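Residue numbering restarts at 1 for every chain, and letters A, B, ... go by the order of the sequence lines. Fair warning: this is a prediction, and the values are worked out from it, not measured in the lab.
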Amino acid sequence: MTTHDETPASYRYTSELAGDIERRWQDRWDAEGTFEAPNPTGDLAVDGADGQPLGDKYFIMDMFPYPSGAGLHVGHPLGYIATDVVGRYRRMQGDNVLHSLGYDAFGLPAEIHAVQTGEHPRTNTLANIANMRRQLRRLGLAHDPRRSFATIDPDFVRWTQWIFIQIFESWYDDEQQRARPISELRAEYESGARTAPDGAGWADLEPLERRLLIDSRRLAYVDESPVNWCPGLGTVLANEEVTADGRSERGNFPVFTRNLRQWKMRITAYSDRLIDDLERVDWPESVKNMQRNWIGRSHGARVRFQVEAASTSFDVFTTRPDTLFGATYAVLAPEHELVPALVTDAWPAGTPRSWTNGLETPAEAVAAYRAVAAAKTDLERQENKDKTGVFTGSYATNPVNGEQVPVFIADYVLTGYGTGAIMAVPGGDQRDFEFAEAYGLPIVHTVQPPEGHEGAYVGDGPAVNSAQTGEGATLDVNGLNIAEAKEAVVAWLEAHGAGEGTTTYRLRDWLFSRQRYWGEPFPIVYDESDQPIAVPDHLLPVELPEVPDYSPKTYEPDDADSTPEPPLARADDWVHVTLDLGDGPRPYRRETNTMPNWAGSSWYELRYTDPHNPDAVTDPANERYWLGPKTPGGTGGVDLYVGGVEHAVLHLLYARFWHKVLFDLGHVSSEEPFHRLFNQGYIQAYAFVDERGVYVEASQVEERDGGFWYDGRPVTREYGKMGKSLKNVVTPDEMYEAYGADTFRVYEMSMGPLDVSRPWETRAVVGAQRFLQRVWRLLVDEHTGESLIDDAELDVATLHALHTTIDGVRGDMENLRFNTAVAKLIELTNHLTKVGVSSRAAVEPLVLMLAPLAPHLAEELWSRLGHDDSLTHAPFPVADPAHLTSASVTCVVQVLGKVRGKIEVSPDISDDDLTALALAEPNVVKTIDGREVRKVIVKAPKLVSIVV
RNA sequence: GCCGAGUUGGCGGAAUGGUAGACGCGACGGUCUCAAAAACCGUUGUCCGAAAGGGCGUGCGGGUUCGAGUCCCGCACUCGGCACCA
C-alpha cells in the first residue's frame, strides 16, 4: 500500500486515518453500551424503569454463522452490514432495536478437526468464535454484545434440551389442530374418552402396552423405519439433507435406505399449518414456493380396490378420481405389504408372456422382481425411467364399473408416497401410458383429447367414457369438466363406501438423531424395558462426556450394509447411569445419539430476547414485547430476518415447526418465528486457471490486451464461490487495512441490490473511498485539519438537492435499497463539492444520512460539528416538502413519441401555456414540418406529446 | 417435465407507462509534479455528422398505447428449487 508520510494533505481521509477513527469509536460504543437494547423485564431491563414504555421495538436477525476455522471472506458480512444499516436507521427513527449475533457452533467441521488433531471440538470452536468476533467487531456492527451466545454454551444447550422435552411430552390433537401435553392424552385414555386404535381400553392394557400406546403419539418419538444411512459420514441424515441424486448434501457421499431405530419429529402433523401460514408472513415468494413444494400437499381421493379372489383389498391414492373409468390396471410398489397376499399360485389362463418376465409362477416372478428392486439404490431407480414390472396373478375390481383389472408390481410406484399403490389410467397419465404400451394394456380416454392428440392427455376437457351402464346405474360424469367430475366421483365413492376424498403430503417426519459427537445430547434415558424417559429438568443440561475418540465409525462410502455406531456409545461410564426418577435410584442407559445441527437454530430467535434467563427460554413479557403480534391476528415474529436462500426448506421449516409447538403449548405468543424474511444475494468472485487447468492466485492476475495473465502466461477467467480451492479469497481484514471499515461497508452496500448475487471487484472499492474522502473534505481542511463548516444560508438549488436526497434516501432505507441510497448521497456530495457549500445546514443532514452506512466517519464528523453525544439516536433528517419542487423543470417535448425538444418551464405552468411553448420550440416546429397537429397530450410540467 | 427468478454500455448496476444508461469501476483527455502515484477536473451506449442535428439501441418475434426496459401473447437462453410424488 502507499505510504502517506510525504503527502502534503496530512489530514486526508486515508485508510490510516479511517482506521484510527474506527477503532476509537468502536471502543467508545463498547464503553458506553451504545447498542444495548433494554428489555421489559429481567436482567436486561433498565434499573428502576420496570413498566416504563420502551418505545416501538424492532427486532432484526441475521442467520447466525457457523464459526469456520477459515475465517471470513468479504462475502460473509454482506447481510450483516445490511441489517446493521437497517438497525442504525431504525434507531434514528426512535425505535428500540434488538440486534445481536450468536454462533451456530455445533457441527461437522469442528468434529472433523477434532478427529484429525485430537483437540476437543469445543477448544477449536471457541477459538474460531473469538477470531470471528474480532473480524466482525472491526466492521463496526451495532450489536448488543450482552445478547450474543453460542449454541454450544451449556446454558443454551440446557434450553435446547428443555424444548426437546416439551416436544417429547406432547402429542398432536388432530381435532383441535394443535399440540397438547401428553398428560392430557393419558388422562383421556384413563377416563375412557379415548381408546387405543384397536379399540382396547386403558384398563385392558399392560403397563408396557400403555407406554407404547402413549409413546406412539409423541411429537418426538423413536421409530424403526426406513432412513437415509450414509456410511461415508457414519451417520443417518434427514430427507432435507439428501440431494435429489441420492447423495449427502455434506460430503457428497452415497446415501442408502435402511431400516433403523431412530428419533423422529412429527413435523407432518403441522403440514397444513406450515403451508397455510405462509400466507401470513412477509417472505419472498420463491421461498414460500419451495416450502409448499417440499411439503407437497395434494388433494385427491383414496379409492378401495377389492381383490375378491384373495378376500382382501388395497387403497390407491389418486389426484384424478375423475379418471376412474379409465383405470385399466393397478400397480403396487414392490415393497407394498399386501404383495405376498396377492401373489397367486399359478398364472391365470391366457396371461401374456410379457407379464411374467418369463418365469413359471407368479411367486417366482414377484420374488425376482422384488429382489432386483431392493438391490437398486434410489439413484438407480431414478435414473432408469424405462417402465418395468410384473403381474401378481391377481385381478382387482374397479369400483365404478366392476371391471376386473390386473394388479402389477412395478418400481415406478413408490412405497413412501400416498398409499404405495396406484390405479393406472394410461389415457390420462404419461407414466401409466408408457407402462401400458410396454405391457399391452388397454388405454381408455376419460377426458376428450383435442383432435390429433396422441398418448396420454392430461389437459382439461369434457369427460367421456365415464358412465355406469345397465340397471341401477348411479354414476355418469360424461360431459363434466375435470373439477366437476372429480367432485361427482368422490361423492359417489363416499356414498358407496368405496373411497373418500383425502389429502396427502410429500413431507416426511423429521429424522432427528445423528451418530455424531459434536451435538446436543438427548435428554433421554432408557429403563430396563428399553423405553425412553425424559431426564428431569433439574438434571439439565445433559453434557457431553469426554471421549477418547470423537469419530463415529465410518465405512467405505458404498458399504450399504454397515451399521451406525455413535461415538457416545463408547463412553461406558456416561452411558450407564443411576438416577432417582421418582421410584428410588435405578440403573438407566443414556441415549447415545446426538441432535442434528439444526436443533440450536430452530429456536435461537427466542434466546436473543432474554439471553440469560435461568428460569425460562424467555420471559413471557420479553417474548411478547419483541416477538408478539403487532396487530391482532398477526403471526408475530422477528421484524426482519436476513440470510441466504440455501436454508429455504431446512432451517426455516424446522424453526417454524418448533415455534408452532411452543406456541401451541403456550410458551410463546407468536405463531411464526420470522415475520419478514429477506434473502441476500451472494458475493462471488472471479477465479483463474492456467493452461493445465490449475487455479492460480487470483490477486496476482493482471488484465491487459483483452486477456488475463499470471506470471507472464495467459490464464482463463472463471466465476464462482470465494474460497481456498479457487484461490480467490479476499478478506475483510485486507479491506480494513487498505481502505477502512466504512469504505468497505459503503462499497458492499453500493454494489447492487441486496437480493442479487454479484461479483467482487477489489479495484472498484476505491470509488467508495473517494466518496467518503469528498464528504470529509467538505467539513475538514486536508492540509490543516481545521473545520470548513460555516453557517451560510443555502441557495435554492442546494435546498432542492438536499431535500430530494433526504426524501429519496428515506424511501431507499425503508425498502432496503442501499445501493440507490448511496448513489443519492454521492450525488448530493458531488453537488455540494461543486458549488463549494460547506454550510452546517447542508453537511449536518448529510452526515446523519451517511451514519447508517458509514457510522464511524459520521460519528467523527458529528463530533466535529460540535455534538458531544453519539449520533446513534439523533433523528434521521426529514424532507421539507416546500423544497422538493424546484424553481424550474425541464419539459420534454415529444413528436410521435420521440423526444424533439426540451424547454425550461416553471413547475406550475398551465397546460395551455406549456402547449404553446412546446409548439413554438424550434426543433419541434422543424420536425412537425407543417403537418397537421392531430392531438396534443400534456402532462404538465414534465411532458408534452404531439401527434401529427 | 413442473414451479420460481432473471436477460439493460467494456464491467457492477439505475429508471411511479413519459428525457434509457442515475451512481460507481474501467478507459480516454487534462490539472498538479522533475517524474510517477494519489487527488482533482472533463469526456465516455453506438453509428453518421465540423456542428446543429439525425439513425439505431434494454435477449428474440408479435401486440396494446400518442409513448413500452416497464403492460399483454409467444419464443430462446441463464440461474435456483422439485421431479416416475400418482
Side-chain angles (χ1 to χ4, degrees), chain A residues 2-4 6-9 12 14 244 284-294 296 298 300 316-320 323 331 381-387 410-414 416-425 428-432 434-435 458 504-506 645-646 648-649 679 703 706 746-747 750-753 755-768 770-771 773-774 777 782 817 819-827 829-830 833-834 890-902 922-923 926-927 934-937 939 942-948:
Chain A
T2 47
T3 58
H4 296 263
E6 309 139 83
T7 172
R12 175 170 290 169
T14 58
E285 203 49 45
S286 57
V287 175
K288 292 199 216 178
N289 260 322
M290 281 188 237
Q291 293 214 346
R292 288 189 194 110
N293 220 316
W294 187 259
S298 56
V316 304
F317 174 74
T318 178
T319 57
R320 292 291 304 276
T323 63
V331 186
R381 265 204 191 195
Q382 264 173 41
E383 277 174 347
N384 179 15
K385 303 242 168 175
D386 291 342
K387 298 291 176 290
D411 66 2
Y412 83 92
V413 173
L414 308 175
Y417 184 77
T419 60
I422 61 156
M423 62 180 216
V425 185
D429 184 285
Q430 187 57 36
R431 297 154 298 181
D432 298 344
E434 287 165 17
F435 190 87
V458 296
T504 60
Y505 304 87
R506 204 188 78 105
V645 73
E646 70 272 19
V649 289
N679 292 124
E703 181 176 5
V746 169
Y747 173 64
S750 68
M751 297 167 78
D755 54 350
V756 173
S757 294
R758 67 303 287 273
W760 177 261
E761 198 173 7
T762 298
R763 69 178 180 183
V765 179
V766 70
R770 287 176 188 154
F771 161 50
Q773 284 178 336
R774 284 199 294 278
R777 257 197 307 273
E782 283 188 336
R817 291 187 307 239
N819 55 328
T820 51
V822 171
K824 290 179 175 88
L825 292 172
I826 292 174
E827 278 184 284
T829 302
N830 291 351
T833 300
K834 195 161 196 164
T890 306
C891 176
V892 173
V893 186
Q894 299 180 342
V895 179
L896 290 172
K898 286 191 191 294
V899 178
R900 296 300 176 179
K902 295 173 189 177
N923 196 51
K926 194 178 125 203
T927 309
R934 297 223 308 260
K935 195 172 171 188
V936 180
I937 293 137
K939 294 272 165 78
K942 299 271 293 186
L943 179 109
V944 177
S945 185
I946 298 163
V947 189
V948 294

Notebook entry, point to check: When you check the side-chain N and O atoms of A/T762 and A/Y747, is any donor under 3.5 Å from an acceptor?
Noted result: no
Notebook entry, point to check: Mind checking the C1' distance from B/A35 to B/G24? Whole angstroms is fine.
Noted result: 30 Å
Next item on the list: Quote, to the nearest angstrom, the C1' distance that separates B/C82 from B/G13.
Entry: 32 Å
Notebook entry, point to check: Taking C-beta and beyond as the side chain, do A/V944 and A/V892 meet within less than 4.5 Å on heavy atoms?
Noted result: no
Next item on the list: Find the distance A/M290:CE to B/C82:P and express it as a whole number of Å.
Entry: 8 Å
Next item on the list: Ignoring backbone atoms, test whether A/R770 places a side-chain nitrogen or oxygen under 4.0 Å from the OP1 or OP2 oxygen of B/G26.
Entry: yes
Next item on the list: Would you please confirm or rule out a distance under 4.0 Å between OP1 or OP2 of B/C2 and any side-chain N or O of A/N289?
Entry: no
Checklist line | Separation of B/C85 P from A/D411 CG (nearest whole Å) | finding: 13 Å
Item checked: Rounded C1' spacing from B/G1 to B/G12 in Å -> 35 Å
Check: Below 4.0 angstrom, N of the basic side chain to O of the carboxylate: do A/K834 and A/E827 qualify?
Finding: no
Checklist line | Upstream residue (5' side of RNA chain B) when A/Q894 and A/V756 are each assigned their closest nucleotide | finding: A/V756
Notebook entry, point to check: B/G17 and B/U65: how far apart are their C1' atoms, nearest whole angstrom?
Noted result: 9 Å
Note to self: Do A/V899 and A/V893 have side chains that approach each other closer than 4.5 Å (heavy atoms only, starting at C-beta)?
What the structure shows: no
Checklist line | Presence of A/N679 side-chain N/O under 4.0 Å of B/A5 phosphate oxygens OP1/OP2 | finding: no
Checklist line | Pair partner, B/A20 [Watson-Crick or wobble, under 3.5 Å] | finding: none
Margin query: Quick check for you: among B/G53, B/G18, B/C85, whose closest atom lies nearest to any side-chain atom of A/L943?
Written below: B/G18
Note to self: Checking contacts here: which listed nucleotide (B/G54, B/C40, B/C66) is nearest the side-chain heavy atoms of A/N923?
What the structure shows: B/G54
Margin query: Mind checking if A/K834 touches a base, just sugar-phosphate, or nothing, with heavy atoms under 4.0 Å?
Written below: sugar-phosphate
Checklist line | Any A/R817 side-chain N or O less than 4.0 Å from OP1/OP2 of B/A14 | finding: no
Notebook entry, point to check: In the structure shown, which nucleotide is the Watson-Crick or G-U wobble counterpart of B/A36, with both distances under 3.5 Å?
Noted result: none
Check: Under 4.0 angstrom, heavy atoms only, what part of the nucleic acid is A/Q773 near: base, sugar-phosphate, or nothing?
Finding: sugar-phosphate
Margin query: Judged by each residue's nearest nucleotide on RNA chain B, which is more toward the 5′ side, A/T890 or A/L414?
Written below: A/T890
Item checked: Validation row: A/R777, A/E782 side chains within 4.5 angstrom (heavy atoms) -> yes
Checklist line | Protein-nucleotide distance (A/R758, atom CZ; B/C79, atom C1'), rounded to Å | finding: 16 Å
Notebook entry, point to check: Nearest-Å distance, OH (A/Y412) to C1' (B/A83)?
Noted result: 16 Å
Check: Reckon A/R506 has a side-chain N or O less than 4.0 Å from the OP1 or OP2 of B/A83?
Finding: yes
Check: What's the NZ-C1' distance between A/K942 and B/G67, to the nearest Å?
Finding: 16 Å
Checklist line | Short side-chain N/O contact to B/C2 OP1/OP2 from A/N293, under 4.0 Å | finding: no
Check: Think A/T504 has a side-chain N or O under 4.0 angstrom from the OP1 or OP2 of B/A86?
Finding: no
Item checked: Any donor-acceptor N/O pair, A/E434 side chain to A/D386 backbone, under 3.5 Å -> no
Checklist line | Distance, C1' atom - from B/G6 to B/G55, rounded to whole angstrom | finding: 31 Å
Notebook entry, point to check: Contact class for A/V892 (heavy atom, under 4.0 Å): base, sugar-phosphate, or nothing?
Noted result: base
Next item on the list: Round to the nearest Å and state the distance from A/W294 atom CH2 to B/G81 atom C1'.
Entry: 10 Å
Margin query: Distance check, C1' atoms only: B/G21 and B/U43, in whole angstrom units.
Written below: 16 Å
Note to self: More than 12 heavy atoms of other residues, nucleotides or ligands under 6.0 Å from NZ of A/K288: yes or no?
What the structure shows: yes
Margin query: Using only atom types and a distance under 3.5 Å, with no angle test, would you say the side chain of A/N923 pairs donor to acceptor with the backbone of A/G901?
Written below: no
Item checked: Syn/anti state for B/G30 [syn: chi within 90° of 0] -> anti
Checklist line | Side chain of A/R431 (C-beta onward), nearest among B/C85, B/G12, B/C23 | finding: B/C85
Note to self: So A/I937, base contact, sugar-phosphate only, or nothing? Heavy-atom distance under 4.0 Å.
What the structure shows: base
Margin query: Any base atoms under 4.0 Å from A/A823, or only sugar-phosphate, or nothing? Heavy atoms, all strands.
Written below: base
Item checked: Pair partner, B/G59 [Watson-Crick or wobble, under 3.5 Å] -> B/C75
Next item on the list: Could you work out which one of B/A86, B/A14, B/G55 sits closest to the side chain of A/P753?
Entry: B/A14
Note to self: For a quick test of reading the model: is some side-chain N or O of A/K902 closer than 4.0 Å to OP1 or OP2 of B/U19?
What the structure shows: no
Notebook entry, point to check: Under 4.0 angstrom, heavy atoms only, what part of the nucleic acid is A/P284 near: base, sugar-phosphate, or nothing?
Noted result: nothing
Check: How would you label the contact of A/V766 with the nucleic acid (heavy atoms, under 4.0 Å): base, sugar-phosphate, or nothing?
Finding: sugar-phosphate
Note to self: Counting the atoms with a prime plus P, OP1 and OP2 as sugar-phosphate, which does A/S286 contact under 4.0 Å by heavy atoms, base, sugar-phosphate, or nothing?
What the structure shows: sugar-phosphate
Notebook entry, point to check: Roughly how many Å is it from CD in A/E761 to P in B/A27, rounded to a whole number?
Noted result: 11 Å
Check: P atom, B/U58 versus B/A52: distance in rounded Å?
Finding: 25 Å
Checklist line | A/R900 side chain near B/U19 phosphate (N/O to OP1/OP2, under 4.0 Å) | finding: no
Next item on the list: Take atom CZ of A/R763 and atom P of B/G10, then tell me their distance rounded to the nearest Å.
Entry: 15 Å
Checklist line | Any donor-acceptor N/O pair under 3.5 Å between B/G1 base and A/Q430 side chain | finding: no
Check: Within the structure shown, what part of the strands sits under 4.0 Å from A/N830 by heavy-atom distance: base, sugar-phosphate, or nothing?
Finding: sugar-phosphate
Note to self: Taking only the C1' atom of each, what is the distance from B/A68 to B/A20 in whole angstrom?
What the structure shows: 11 Å
Item checked: Closest to the A/N819 side chain, choosing from B/G24, B/G18, B/A14 -> B/A14
Notebook entry, point to check: Think A/K387 has a side-chain N or O under 4.0 angstrom from the OP1 or OP2 of B/A86?
Noted result: no
Check: What's the spacing between A/F317 CZ and A/I422 CD1 if we round to 0.5 Å?
Finding: 12.0 Å
